[in-house]
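Okay, so here's the structure we're looking at.
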2 protein chains.
Amino acid sequence: MVAHRGNDQDAVFKALADASRRTLLDRLRQRNGQTLGELCDGLQMTRQAVAKHLGILRQANLVAWRREGRERLHFINPVPIHEIAERWLRRFELPQLEALAQLKQKLEGEEP
Amino acid sequence: MVAHRGNDQDAVFKALADASRRTLLDRLRQRNGQTLGELCDGLQMTRQAVAKHLGILRQANLVAWRREGRERLHFINPVPIHEIAERWLRRFELPQLEALAQLKQKLEGEEP
DNA sequence: GCGATGTGCAACCATTTGGTTCCTTGTTCA
DNA sequence: TGAACAAGGAACCAAATGGTTGCACATCGC
């Protein structure tokens, strides 16, 4: 079951809006499958705060976890980021470099 | 003067976190140089709210404007979005599809 | 069994955020 | 000149956000 109606894109953007959460994703990218405790190390905030961030990342489908004994192992899911890049950011790419030229000129005061 | 110490990346992420602001960017992408009033049309919120959103977009360097008589013309700047795509999202691309396979397996319960 | 370890849950708090309303300032045009 | 139009500015407000503390629960090792 995949179940992404394109609306969860908002959840992904919101999840990526926080630097701590981006750090967590970066850590998981470097080494997948870390426990909650490991992800807390050096992160100048309590375990509960980190757990909340991971919960938000999970709601955005960017992270999943499973329990292993008394630990919780976290795994990154790069697909939503991929989709954002493909379906949204791509619109603002090269075909819009024209817009950049426009920008410079218009700001300098050319009229229509 | 360019002055992006990679820190303003946070401002861009935060700016993109709001659906209304993404809508504004989409509108400017479709037609650059719109006035504040034009950008308000159909947007189920007051002009002042839209102006605030545009202010946030400007702080993130995603939008610039200049006054033209009694109007304010807005122009999109796609460069920061470009940079996000290049410098951040790219890390989570194909080399990490391996991670996706890991994810499925690990969640199903394979051992380390 | 029992203490140490890893996590879960809930209440609480300060600040930020997204939005409003009210009022002022600047421009166009008849 | 003065009314209509476009935008600027500030105070205010409810809700979301990011964080904390305190305590309960489950599991591992001895």
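Note that these values count all heavy atoms, side chains included, but never hydrogens, waters or copies made by symmetry. Every chain is numbered from 1, with letters handed out A, B, ... down the list of sequences.
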TODO: Nearest whole angstrom, please: distance from the P of dC5(D) to the CG of D41(B).
DONE: 14 Å

Task: For L39(A) against R27(A), the heavy-atom pair lying closest together - done: O-NH1, 3.3 Å

TODO: For Q34(B) and dA7(D), give me the distance from atom CD to atom P, rounded to whole Å.
DONE: 11 Å

TODO: Flag the pair F75(B) / L73(B) as yes when at least one side-chain heavy-atom distance between them is below 4.5 Å, and no otherwise.
DONE: yes

Task: Out of dC23(D), dT20(C), dG19(C), whichever nucleotide has its closest atom nearest the side chain of Q48(A) - done: dC23(D)

Task: N/O (side chain, T46(B)) to phosphate O (OP1/OP2, dT20(C)) under 4.0 Å - done: yes

- [ ] Name the residue closer to the 5' end of DNA chain D, choosing between K14(A) and A49(A) according to the nucleotide with the nearest heavy atom.
- [x] K14(A)

Open item on the list: By nearest heavy atom, map I56(B) and A51(A) onto DNA chain C; which one lands nearer the 5' end?
Closed with: A51(A)

Task: Separation of dC5(D) C1' from L36(B) CG (nearest whole Å) - done: 13 Å

Open item on the list: Is any side-chain heavy atom of R91(A) closer than 4.5 Å to one of D26(B)?
Closed with: yes

Open item on the list: Can you measure Q59(B) atom CD to dG18(C) atom P for me and round it to whole angstrom units?
Closed with: 12 Å

Task: Side chains of W65(B) and L36(B) in contact at under 4.5 Å (non-hydrogen atoms) - done: no

Open item on the list: Between L62(A) and V12(A), is there a side-chain heavy-atom distance shorter than 4.5 Å?
Closed with: yes

Find every protein N or O atom lying less than 3.5 Å from an N or O atom of nucleotides 25-30 of chain D, and list the pairs.
from, atom 1, to, atom 2, distance (Å)
dT27(D), O2, R70(A), NH1, 3.3

Open item on the list: Just N and O in the side chain of H53(A): are any of them under 4.0 Å from OP1 or OP2 of dG19(D)?
Closed with: yes

TODO: Looking only at side-chain atoms of M45(B), point me to the closest of dT20(C), dG19(D), dG18(C).
DONE: dT20(C)

Open item on the list: Counting C-beta onward and ignoring hydrogens, is there a side-chain heavy-atom pair between L25(A) and I81(A) closer than 4.5 Å?
Closed with: yes

TODO: Check the distance between dT17(C)'s C1' and D18(B)'s CG and give it to me in whole angstrom.
DONE: 9 Å

Open item on the list: Counting only side-chain heavy atoms from C-beta out, which of dA7(D), dG19(C), dT20(C) sits nearest to T35(B)?
Closed with: dA7(D)

- [ ] To the nearest Å, give me how far apart CD (E71(A)) and P (dA4(C)) are.
- [x] 19 Å

TODO: Tell me which nucleotide among dG8(C), dG19(C), dA11(C) gets nearest to the side chain of R72(A).
DONE: dG8(C)

Task: Rounded distance (Å) that lies between atom C1' of dG18(C) and atom CD of Q44(B) - done: 14 Å

Open item on the list: Expressed as a whole number of angstroms, how long is the span from R58(A):CZ to dT7(C):P?
Closed with: 14 Å

TODO: Consider the side chain of R47(A), meaning its heavy atoms from C-beta on, and name the nucleotide among dT7(C), dT17(C), dT20(D) that approaches it most closely.
DONE: dT7(C)

Open item on the list: Test: salt bridge (Lys or Arg N to Asp or Glu O under 4.0 Å). Region: residues 35-45 of chain B. Which pairs qualify, not counting sequence neighbours?
Closed with: R31(B)-E38(B)

